[in-house]
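This structure is in structure tokens; I'll ask about it shortly.
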Amino acid sequence: MSNRDISRRAFLQGGLIAGVGVTMAPLGSQAFAALMEERVTTSPQKWMNHDGKARFRNDALSKVCGDKVFARDIRAKDMPGWPAQQGHALLLKATKVDRIYAGHDLSLLGSDLQPDRIVTAADLEQDGIAWPEAHSPDPLLPPGKVPMFIGYPVAILIWHDFERFRQAKRKLQFNQQAIRYGAQAPLYQRDPYGSFRFVRVGGATPFDDDEFSSLKNSMLFPTILNRKPVWSKQPNQHGDLTEQGLFYAKRMAEQLDNPPEDWLVFDERYKTPSIEPAALEPDNGNGWYDPATGTLHFVVATQCPFEVAQECVHMIKPSRFALNTLNMHPGYTVGYGSKDNNIFVFYAAVAALYGAGVPIRLANDRYEQFQSGIKRHAFDIRYQLAVDKKDNSFKIFRADMSCDGGGRINYSPSVAAVGATAAQSIYYMPQNDLSVTAYYSRGVEAGSMRGYGTLQSMAATEMMVDEIAGRLGVDAIDLRRANALKSGMKNTQGAVPAGALRLYEILDKAAVHEWWRNRDTRKQQMDAKDPDHWYGVGFAICQKDFGTGSEAPMASVEFSADGRISLRHIGTELGTGMSTSQALVVSDFLGRSADEVKTAVTEWPELQLSTSGNPYLISQPEQDAALRNPRWVGKLASPSSATNSAFYFSHATREAARVLFNHGLWPAAMAIWSQGPHGGQANPLVVRRENAVWVNGELTGNGLAPIPFAQLAQKAHDMGLVTGVSVHGFNRWSWAEADFVIDGVRERFPLDAMAVKYGDGAVNAKKAQMGSHGYHLLDRQNAAYPDTQLNNAMVTYYSPVATIVEVKVNKGTLETQVLNHHSWVECGRVLVPELVKGQLEGGIAMGIGHALTEEMPLYEGGPGEGDWNFNRYRLPHARDVAVWQQTSEILPPLSPTDPSKGIAEVVMIPVVGAIGNAVAHAIGKRVRDLPITPARIKEALNG
């Protein structure tokens, strides 16, 4: 979810954005074959077995042999057509936020090291740079203002050669002498970034209609007074929606304040830290502005190439810099969400504009990345949970959360809302009142990062449930069993989660696990065996949403006459294995994986799409009106974030492959099987398309002779059947649908745009229809979009993961060590088991760091001052994460047709709560603030 209101029209048709020609050539594409190894995702060795299982990732050899080049590795001399000279830039930053910024002074550089160009706020204003609204105000701080946050950029310094840049940077880094400060000033203040409240009162049973809920009625929004949320309306059961919600919220508060005797009311606070993503590749960009042609060539590390392209055009177009073409090159990158909605790329684009014809590279080193890279939000949480002591059922769940968004808004409203709506974890809450506010602060900007608010809230929920079990004197897994959601029950917004919920299967497995079943006995034995340590076992389970409520995947699949399959996809390969899994998805309908995969493809001129408005804020009448335009879609394309590849990206890939099979390969097969008198070998049999089966890359079924894929491909081309398909989909917790006519056959698809390509043997009339960049653009009919009310659902797709952990706590140092852990994952149909396990192992390592080691001061003394690096920030090492002992189990799907679920984020969450619960089991005391450091354990023991 994002509630940033970008109201201006976004337009992409035939490679144009606002009249500017936009070309996208990913660094792994054919245009960069000599540099980037065109076949990065097409291994020279066979990566697929005949059984359809991957031997290794399709980019594995490229990665280990150094052929997979990241955006950060690119220099001007590497880029075809660029000048060989490489310039460099850095951001000069102010770190004192209680003083007026009075300008900069670079005299310490002497005459030899002065920048070739200094870009200031005055330059941006004078030259008409229209900085993206979502990253405003003041991209560069003007003199006379107080910085909004520690580490505020005040100027872009540009050198045309590396050596002078290197020497100058050594003098400037860790040195505030270049910044002039004026008088003492009050700290900058502003209203919260966003504030929300989710109230729900269920019906008589979990399956009855709600009395009130966000989905049925509305989420609630407060008035902001004195920088705080204030509920100015009076509770009224028969008033407007806000008054009704406040009525039910007040009734819950009164019940918690005066509970029945048989209720236990839990009321505690939890805190989570600010976290550095620690992505392998710091933020970077390299651009060359050619004034002779009005072209900006831009190599960029981003998870959202489409959005960067749009914003760059809208930023530069009104300026004095003529922009006729944006030639953008998305590179391989990695970021755990931190390269989504990132302001850094726009600084890099602007630096290129002022390069005087020299390519300019702006790239953070590790100190700079700590100083300005997007962080995970710190949360302060108060939970109240009423439990009926007779049957251990949860009655009322109440939460009041605040999250620290740092100095720019970024995705803070969205992260806050997602954190609040995830707080229920796996449990059914008959009544809930969940409020959350994202606050501005002078800290480093916080935004999208793995977990996206849910790590903070669900880890606290799992520690809460364990503590309640202890107070009730019941088994903690039994308490979870008594309250876990069942299929068809509603979440805290009143929406029904998609499909079957298999939480009880996981809980049943965990309950009989040896560590849990014998945990008290094991503790006695381990404590006696090792008297220097306390031993403990902890368990936690959660389910996390995947997707944003505005997902727009695009894919194109086609095959050549000689049987080679190629896949183009909007998704960016961030190291998750997305290119491997999408290549495999093709085989669902084509019987074999794609031979060539191009990711981060952002040019889709054959679809001629347009969009307008904000998909989260658009009203139903506005959406209905927009749909009269058959080229309008709710969103152009999704960034690679929100764990969206397995489910959402696969949807587009699979639907494109489905059309190819149904309208290309199947009729070709029937033509082959029907050869001969009276319909050939097919005539004596009942041949149904649904009985078709691929066996070792050959199509058979109903007892018919297997046909190799290459033969089918040749036949489909000869007959002029469909041999290529490009599709676009839109998902708002439900897929958009439309009718399309293909070869005279009308069908309904869960898609909102489609273009097809016909084979080489197509008649001239058919070929004449392929006038949309080599495709026949189909006009959709009877389009049906998900109701805009579904924006209030917040989430309907979930993946569950549970983890059990063994720890020991040193009685002298009070340091916690993870001894072992085991996890259970339910992710529907598994595309590549090894990728799931890799995500799980990496996510658990990140979760262990969040639980035990990773922490930074938010403000003064923190990373914004520019002197933090991994010498001060403790990441977990292999010895800290039980790397050799850990085990896991992936639940098999209920059926072969189960959809694949996103698990990249959820895998890191339960280990955090499990460690908190294990430490409590070990020391007999609760630590509710993360990370669980020796100092906090000491405080708990002495409390």
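For reference, positions follow the sequence shown, starting with 1. Everything numeric here is computed off the predicted structure, so don't read it as measured data.
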Suppose we screen for ring-ring contact (aromatic ring centres under 6.0 Å, His included). Which residues come up paired with Phe266, at least two apart in sequence or across chains?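 For Phe266, no residue satisfies ring-ring contact (aromatic ring centres under 6.0 Å, His included) once neighbours in sequence are set aside.
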Working to the nearest 0.5 Å, report the span between CD of Glu276 and CG of Asn869.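 So the gap between those two atoms works out to 9.0 Å.
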Tell me, please, which residues at least two apart from Glu815 pass salt bridge (charged side-chain N to carboxylate O under 4.0 Å, His left out).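 Counting only residues at least two positions away or on another chain, Glu815 forms no salt bridge (charged side-chain N to carboxylate O under 4.0 Å, His left out).
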Testing the 3.5 Å rule here: is there a donor-acceptor pair between the side chains of Tyr383 and Glu268? no
Can you check side chain to side chain donor-acceptor pair (under 3.5 Å) on Thr933 and Glu855, steps first, answer last? CA-CA 10 Å; Thr933 59; Glu855 186 175 29; 5.4 Å; no
Rounded to the nearest 0.5 Å, how far does SG of Cys304 lie from NZ of Lys339?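 Going from NZ on Lys339 over to SG on Cys304, the span is 11.5 Å.
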By side-chain hydrogen bond (donor to acceptor under 3.5 Å, both in side chains), Thr576 pairs with (sequence neighbours left out) none
Compute both the distance and the angle, then confirm whether Lys228 meets the cation-pi test with Tyr439: under 6.0 Å from the six-membered ring centre, within 45 degrees of the axis. yes
Residues forming a side chain to side chain contact (heavy atoms under 4.5 Å, CB included) with Pro142, sequence neighbours excluded: Ala121, Asp138, Lys145
Contacts of type side chain to side chain contact (heavy atoms under 4.5 Å, CB included), residue Ala920, not counting sequence neighbours: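 Ala920 satisfies side chain to side chain contact (heavy atoms under 4.5 Å, CB included) with Arg926 only.
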With sequence neighbours left out, what residues match Trp131 under ring-ring contact (aromatic ring centres under 6.0 Å, His included)?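 Trp131 satisfies ring-ring contact (aromatic ring centres under 6.0 Å, His included) with Tyr347 once adjacent residues are dropped.
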Do the ring centers of Tyr367 and Phe174 come within less than 6.0 Å of each other? yes
Between side-chain atoms of residues 87-94 and protein atoms elsewhere (two or more places apart, or another chain), which donor-acceptor pairs fall under 3.5 Å?
none

Under the salt bridge (charged side-chain N to carboxylate O under 4.0 Å, His left out) test, residues paired with Asp532 that sit two or more places apart: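 Partners of Asp532 under the salt bridge (charged side-chain N to carboxylate O under 4.0 Å, His left out) test: none.
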All salt bridge (charged side-chain N to carboxylate O under 4.0 Å, His left out) counterparts of Arg874, not counting sequence neighbours: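 Testing Arg874 for salt bridge (charged side-chain N to carboxylate O under 4.0 Å, His left out), a comparison that skips the adjacent residues, returns Asp880.
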Which atom names give the shortest non-hydrogen contact between Asp283 and Gly373, and what distance separates them?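 Between these two residues, the closest heavy atoms are OD2-CA, 4.2 Å.
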Judged by modelled atom types alone, do Gln371 and Asn364 share a side-chain donor-acceptor pair under 3.5 Å?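 Gln371 vs Asn364: no donor-acceptor pair found between side chains.
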Residues in salt bridge (charged side-chain N to carboxylate O under 4.0 Å, His left out) with Arg72, at least two apart?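 Salt bridge (charged side-chain N to carboxylate O under 4.0 Å, His left out) check on Arg72 returns nothing, list empty.
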I'd like to check the ring-ring contact (aromatic ring centres under 6.0 Å, His included) partners of Tyr440; sequence neighbours left out, ordered by chain and number. Tyr188
ring-ring contact (aromatic ring centres under 6.0 Å, His included) partners of Tyr535, counting only residues at least two apart: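 ring-ring contact (aromatic ring centres under 6.0 Å, His included) check on Tyr535 returns nothing, list empty.
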Would Asp404 and His377 satisfy side chain to side chain donor-acceptor pair (under 3.5 Å), going step by step from the backbone distance to the final call? CA-CA 6 Å; Asp404 191 308; His377 293 78; over 6 Å; no
